Undergrad: 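Here you go, one structure.
What's counted below: heavy atoms across the whole structure, side chains too, no hydrogens, waters or symmetry copies. In this text the structure is predicted, and so the values were computed from the model without any measurement.
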Amino acid sequence: MSKWSSTDITQPNFNPYYYLLAHKSNANFDELRKNLEHLKKTRSDNKGASTTLVKNNIASFMEAVDIMKDIRRLSADDRKKNFYEPVIKLIEEISRIAHSMYDTDLARKDYSDTIRNALNVIQRYKFIFHLPQTIERSVNREEYEKVINDLVRARAAFENVDSKVFRNIQREVEQQIHNLRTLFRQRLTEFPSSIDDQKLFIRYLHSLDPRADPAWDCIIHQKAALIDVLRSCVVDPKQQLVQPNELKLHIHDQATSLVDQACDVLTTAFPDLWYLIQLYQKKKLYPLSEKSDEIDRTYMHKAPEFLALTKEIIQTFISVVRLNLLNRSALSKSDMVSSQEGDLYSNADETYQRVKSLPHCIQNCRLCVLHLVSLDIPADFKQDLQQLMFDLRLECFKVIMDHACLEVSRLNANETWELEYDEQLGSHTKLPNLFHDMIVSKASIIYENVLSVNVTKGERKFFDDKEAIKQAAIAVYRLLVDFASVFQILIKDCSSAPPNSIEPLSSSATMTNSSEHLSKTTCLVIVFNNFVYTRRFILPRLKKIFLNYGFRGMDRVYEEIETIYKRVDEQLLETVQTEYLRPFLHRLEARMYSGRFDWATHMRVTAVKDYVKHIILDLARVHAEIYSISSQLVFLVLSRILSTLVNELVKLYSNINQFSKAGSMQACLDIIALQECLGRCMENETSNKLKTLITQIPEAAENIKSKALTDMLNVFLKQMQPYSIAFRDVLQQ
């Protein structure tokens, strides 16, 4: 307590602040403030009252002084007369009367001095007394910097003052500090939060408690919150196996959405967490001195701990993506194979859905991984993330190719039978080019989502992996085989239509509305020509496209595809040939023996028999129909038809037991006429069979040299000249 202040209200140096500290130490702040005001008012009143009392009673005071002087003189003159006893009694009586008159005023003066001293203390330490309210107001306004600065000042003030009142205020402030630390820790646990906010609250907490390590607590909480969010982004793959198909599709949508959410969360939260870890490891989070022992005591956690928690985050993210996009696919495929006996197209709805969502997920995951890799995380973590991305790209490649196979396998439904002319191969429909455009589109999607890589960021080239090369070979093989199957399906559909010789199909027998004007055989020829066009032009283009996109190891695939396409080509040609041959074979023998003709009793040869004319006329219609589609197919189809017809003629002639002379000449004339008209459409083997057949007819040599046969042959050839010209112009292959 200062020597210049007094707690006595009657003293001129009375200090109400000191008075309050001395007598009201247990009072709260509001009571202290009221007492201070009262002391100030009382002190003012007492000062005025004392002055008025002296002025009003000055004569009495002077008389009392004179009496005191007389008493002193008398006591000095007469010490033996026992003068003091009545005086003492008189003084005691005066004292009693005085106390009864002035004790209350003096008490008030002391009280006022005490309050005055207390008020002086309050004024001097006004900051401390107002500190709880100041802190509360600043916290409500989120003025945390001001709060921290006030607390630093308060700590210095509390160290210099030892008072019961101050201790009460200090306890209240300490409770507020505790609440503030709780608030700051709560703000540090918010997820997600920016690195700036984290650094700010870490600094605040360190200022409140220098012995704590709030940065480590923040790192642990952020890591735990991030992992919890990532783990929540998983749909249990086992649920899909016991759900109906519609719900499975919904689960796939949910899985895609969850992967996007996981990527967004990791991209947003992990970089700040990683930066915070780097600051911690570089010991740049707390404002510490250069003393190594203080730094080591504060930054207690070392690199291995940070590597472990970073690894846990990375591995959790990888597991989430695999469970949603890769493991789910494997479970789905195994279920599909077991329930559908390996049919690749039994779950088409799921494939159509995945081909829409998976490329989008690939792009999101790729952006996320590239962002993480750019943070300079350890090489092992980068390798794990790049392996995840490669597996996703491989899965995406397989899904896109599965979808392409599905669409290709259904291309027969897109056949419109609208013809387009090609100078090199005649007329064909849009089907082959539709297949080509579809593959080009899929290849573009594959390049964008699978093949395009950033090598500088550590991404692997797709075709540097053996499994990728294998899957690519399988996919290309399936694509090309599926397209070959499309032609087989179309040929089968055409063949199942009612037979029509070579007449146009009725509208009720057409395969599609747009093919009503086409005959059954015309449709067959169109399908066959489409396949030939595909082999000669589409496949080489596709091979070049695959080569440009980096597909490797396709030689064996192309060899097997060539073998398969040759077999399908032969099947298609056989079907076309069979359809054209059906009316020929049914009518050949009947026309040969029409009118009860008999080779043994035939008497006169006048012209080539009608069955030969029918063969030529029917083949002319076949020629016209095929030529209208493609001139290059004419020889291929006619030669096969003639080969079968010649074989049938050989059988019929071999069953003839006897020829008359005229019958022998008739047979020679018919066979020579057939060969002269259709020789350009025959293969050498077929032509040789006819020549051999002539030699087996009796007297064939003489008949061939006879003028009558030559004349009749010339007449026939002249009659058939329009048809013969068409047959002579057939392009041999």
Undergrad: Going by the angle between their ring planes, with limits at 30° and 60°, are Phe397 and Phe463 parallel, tilted or perpendicular?
TA: perpendicular
Undergrad: Looking only at the side chains, is there a donor atom on one of Thr521 and Glu579 sitting less than 3.5 Å from an acceptor on the other?
TA: no
Undergrad: Go through the side-chain N and O atoms of Lys356 and His403 and say whether any donor and acceptor fall under 3.5 Å apart.
TA: no
Undergrad: Would you confirm whether Asn412, through its side chain, and Phe487, through its main-chain N or O, come within 3.5 Å as a donor-acceptor pair?
TA: no
Undergrad: Can you tell me if Asp197 and Ser194 form a side-chain donor-acceptor pair at under 3.5 Å?
TA: yes
Undergrad: Where the side chain of Ser193 meets the backbone of Thr189, is there a donor-acceptor pair that is under 3.5 Å apart?
TA: no
Undergrad: Sub-3.5 Å donor-acceptor pair from the side chain of Gln222 to the main-chain atoms of Glu190, do we have one?
TA: yes
Undergrad: Supply the atom-to-atom distance Glu574 CD to Ile491 CD1, rounded to the nearest 0.5 angstrom.
TA: 11.5 Å
Undergrad: Hydrogens and angles aside, do Ser643 and Glu683 bring a side-chain donor and acceptor to less than 3.5 Å of each other?
TA: no
Undergrad: Please verify the inter-ring angle class for Tyr447 with Tyr549; under 30° counts as parallel, over 60° as perpendicular, anything in between as tilted.
TA: tilted
Undergrad: Can any side-chain N or O of Asn529 pair as donor or acceptor with the backbone N or O of Val525 at less than 3.5 Å?
TA: no
Undergrad: Regarding Ser427 and Glu420, do their side chains bring together a donor and an acceptor under 3.5 Å, going by distance alone?
TA: no
Undergrad: Walk me through it: do Asp260 and His360 pass the test side-chain hydrogen bond (donor to acceptor under 3.5 Å, both in side chains)?
TA: CA-CA 9 Å; Asp260 291 343; His360 166 75; 2.9 Å; yes
Undergrad: Using modelled atom types and a 3.5 Å cut-off, is there a donor and acceptor pairing between side-chain atoms of Asn433 and backbone atoms of His436?
TA: no
Undergrad: Tell me yes or no: between the side chains of Gln315 and Asp384, is some donor less than 3.5 Å from an acceptor?
TA: yes
Undergrad: Any side-chain to backbone donor/acceptor pair from Asn449 onto Arg393? Under 3.5 Å, distance only.
TA: no
Undergrad: Does either side chain, that of Thr429 or that of Asn530, offer a donor lying less than 3.5 Å from an acceptor on the other one?
TA: yes
Undergrad: For Val355 and Ile400, which heavy atoms make the closest approach, and how far apart are they?
TA: CG2-CA, 3.9 Å
Undergrad: Counting only heavy atoms not in Lys311 (residues, nucleotides, ligands), do more than 12 fall under 6.0 Å from its NZ?
TA: no
